Amino acid sequence: MPAPRLPSPLRAAEDERFARRGVRLLLKRDDLIHPDLVGNKWRKLAPNLAGAAGRPVLTFGGAYSNHLRATAAAGRLMGFPTVGVVRGAELAGRPLNPVLERCAADGMRLVFVDRATYRAKRDPRVVARLLREAPEGAVVVPEGGSNAAAVRGCAGLGRELRGRADVVAVACGTGGTLAGLAAGLAPGQRALGVPVLRGGFLGAEVRALQESAFGGPAGTWSLDDRFHFGGYGRVTPELAAFASDFSARHGLPVERLYVAKMLYALVTLAEEGAFAPGTAVAAVVTGRPDPDTGSGG
C-alpha cells in the first residue's frame, strides 16, 4: 500500500477577496495524502484499520459516500473483505452510480437497507443482524469512520498546523475531523467547522466524539451552519459556479459536496469582516473531485 504523504503540504493562496481585508489564505492539501485514501479518509481510516488487524470490515454510508469508497479501496489494497451498508433499500434494483460501482469493483459487498434501519445503525440489534450476514469476525467501523480512534487520528492534522494559522476551517459531515483537528491545534488557534448537512445536530456529535476520544472538551472550535446549500449532496448552480471560479483562480480541483461549501463559507466570512486584519486562515482541502460525479470530499 502506498505510504501516506505526511505532513500534507500547506500552500499560500493569493486571493484579493481575502487580501483586501488584510487576511491571508492558506490551503492545507490533505487531498494529496494518498491516491486512494484521500485527505481525512486516511486520517480517520488508518487507526480503525490498524485496530481491525486484517479482519473483515463492515461500515455504513450513503449512495455517494466517499467513506465507503475509501474503505473499499483499502480492502483491495490491503487484502481484507469489506461490506458496505448503504442507505436506501430502493437503490438495490437500480444500476450502481459511479461511486458504488467503484466500491463493488474494489470487492466491497453492498447491502442496501431502508432508511429506518439505517437511522438505527447504532442499535446493537441492528448491528448484530448485519454482522450475521457479514464475513466471520467482521469489525464494525461507523459511518464516516468517525469514532474515538478516528478523532485521535485527526488530531495529527491539528498538530501539523500548530503555529501556521490562526483559524483552520474544515467541511463537516459526521464531525470527526473537526473534533480531532481542534484537539491538535495549539492554544490561541481555533477550528471552524462548516457542516454540509442540514439539521443543526453536529455540535452535540462533536462534543460526544471529543468525550469518547479525550475524556472531555479539547481545543477551541465553532460551527457555521449557513452553508449546506440545501443539505448533503446538494450543489446549486451558484455553488458550482463558485467552485469553477476558485479552481481557475488557484489551480485547485475543487470538490463540490464538501470542499466548495467550506471555501464559499470562508469567502463570505471574509467579506463580512469576520476575520480581523492580520489573520491567517487555513482551509483544509479534504478531498478532490471524482472524475465521474464531481464528489470526493
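Owing to the predicted nature of the structure, the values given are computational and were not obtained by experimental measurement.
Checked by atom type and distance alone, the side chain of R198 pairs as donor or acceptor with a backbone atom of G230 at under 3.5 Å. With hydrogens and angles ignored, the 3.5 Å screen pairs no side-chain donor or acceptor of T117 with any backbone N or O of V113. A side-chain donor-acceptor contact under 3.5 Å links E255 to the backbone of L257. Side-chain atoms of K121 never come within 3.5 Å of backbone atoms of V126 as a donor-acceptor pair (strictly under, hydrogens ignored). No donor-acceptor distance shorter than 3.5 angstrom exists from the side chain of S247 to the backbone of A243, with no hydrogens or angles considered. In this structure, Q189 contributes its side chain and A165 its backbone to a donor-acceptor pair below 3.5 Å. Judged purely by atom type and a 3.5 angstrom limit, K28 has no side-chain atom pairing as donor or acceptor with the backbone of A282.
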E90 and R115: salt bridge (Lys or Arg N to Asp or Glu O under 4.0 Å), yes or no, with the steps?
CA-CA 10 Å; E90 72 279 3; R115 293 168 191 276; 2.6 Å; yes

Might you work through the side-chain contact (heavy atoms from CB on, under 4.5 Å) test for L185 and R164, ending with a clear yes or no?
CA-CA 10 Å; L185 292 173; R164 309 294 298 277; over 6 Å; no

Audit row: T71, L45, side-chain contact (heavy atoms from CB on, under 4.5 Å) steps and yes/no:
CA-CA 8 Å; T71 303; L45 269 178; 3.7 Å; yes

Can you check side-chain contact (heavy atoms from CB on, under 4.5 Å) on C172 and V194, steps first, answer last?
CA-CA 6 Å; C172 300; V194 180; 5.9 Å; no

For F112 and V85: C-alpha separation, side-chain torsions, deciding distance, then whether side-chain contact (heavy atoms from CB on, under 4.5 Å) applies.
CA-CA 6 Å; F112 297 91; V85 179; over 6 Å; no

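Residue N48 comes nearest to G145 through the heavy atom pair ND2-O, 3.4 Å, listed as atom of the first residue, atom of the second, then distance. Taking both residues in full, the closest heavy atoms of A218 and A183 are given as CB-CB, 3.6 Å, listed atom of the first, atom of the second, then distance. The minimum heavy-atom distance linking P217 with Q210 is given by the pair CA-OE1, 3.6 Å. When all heavy atoms are compared, the tightest approach of A72 to T82 is CA-OG1, 4.1 Å. L100 and A63 make their closest contact through CG-O, 3.4 Å (heavy atoms, listed as atom of the first residue, atom of the second, distance). Pairing each heavy atom of L202 with each of G175, the nearest pair is CD1-N, 3.9 Å.
By the 4.5 Å heavy-atom criterion applied to side chains, R21 and P277 are not counted as neighbours. P195 places a side-chain heavy atom less than 4.5 Å from the side chain of L223. Residues T279 and R24 have side chains not in contact (no heavy-atom distance under 4.5 Å, counting atoms from C-beta outward). Annotation: side chain of L110 is in contact with side chain of L96 (closest heavy-atom distance under 4.5 Å). No side-chain heavy atom of Y258 sits under 4.5 Å from any side-chain heavy atom of V170. Using a 4.5 Å heavy-atom threshold, the side chains of H67 and T59 count as touching. Proximity of D30 to W42: side-chain heavy atoms (C-beta onward) are nowhere separated by under 4.5 Å.
Expressed to the nearest 0.5 Å, how far CG of L209 lies from CG of N147 amounts to 8.0 Å. Taking CG of L26 as the reference point, atom CZ of F18 lies at 10.5 Å (rounded to 0.5 Å). We find the CG-NZ distance between L49 and K44 to be 13.0 Å, quoted to the nearest 0.5 Å. With rounding to the nearest 0.5 Å, the separation of CG in L25 from CZ in F275 is 9.5 Å. Here the OG1-CZ distance, from T236 to R256, works out to 11.0 Å after rounding to the nearest 0.5 Å. Between L192 atom CG and T220 atom OG1 the span is 12.5 Å, to the nearest 0.5 Å.
Other residues, nucleotides and ligands contribute more than 12 heavy atoms inside 6.0 Å of the CZ atom of R29. The local environment of CZ in R20 is crowded, with over 12 non-hydrogen atoms from other residues, nucleotides or ligands closer than 6.0 Å. Within 6.0 Å of atom CD in E16, more than 12 heavy atoms from other residues, nucleotides or ligands are found, so the atom counts as buried in its surroundings. By the 6.0 Å contact criterion, CZ on R249 is enclosed, its count of non-hydrogen atoms from other residues, nucleotides or ligands being greater than 12.
Tested against R43, the residues T177, I33, L181, L37 include a single side-chain contact (heavy atoms from CB on, under 4.5 Å) partner, I33. Paired with F60 under the rule side-chain contact (heavy atoms from CB on, under 4.5 Å), one option of V111, V140, V83 passes, and it is V140.
V267 is connected to V196 through a chain of hydrophobic side-chain contacts under 4.5 Å among Ile, Leu, Val, Met, Phe, Trp and Tyr, so both are in one cluster. The hydrophobic cluster containing L157 also contains W221, counting ILVMFWY residues as joined when their side-chain heavy atoms lie under 4.5 angstrom apart, directly or transitively. A continuous path of hydrophobic side-chain contacts links F246 to V235 [ILVMFWY only; heavy atoms under 4.5 Å]. In terms of hydrophobic clustering, with Ile, Leu, Val, Met, Phe, Trp and Tyr side chains grouped at heavy-atom distances under 4.5 Å, L27 and F227 are assigned to a common cluster. In the hydrophobic clustering of this structure, L252 groups with L239; members are Ile, Leu, Val, Met, Phe, Trp, Tyr whose side-chain heavy atoms approach within less than 4.5 Å, directly or through other members.
Relative to the ring axis of F229, R234 does not place its NZ or CZ within 45° and under 6.0 Å from the centre.
Of the charged side-chain nitrogens involved, at least one lies within less than 4.0 Å of a carboxylate oxygen, so that R87 and E143 count as a salt-bridged pair. Ion pairing between R76 and D106 holds under the 4.0 Å rule for side-chain N and carboxylate O. Here R17 does not pair with E272 in a salt bridge; the nearest charged N to carboxylate O distance is not below 4.0 Å. Using a cut-off of 4.0 Å between Lys/Arg side-chain N and Asp/Glu carboxylate O, R55 and E136 are scored as not salt-bridged. Taking 4.0 Å as the cut-off between side-chain N and carboxylate O, D166 and R190 do not count as a salt-bridged pair.
Checked against the 6.0 Å centroid criterion, the rings of Y232 and Y64 do not qualify as a close aromatic pair.
With 3.5 Å as the limit, one finds no donor-acceptor pair spanning the side chains of R207 and S212. N40 and T286 are not linked by any side-chain donor-acceptor pair at a separation below 3.5 angstrom, with hydrogens and angles left out of the test.
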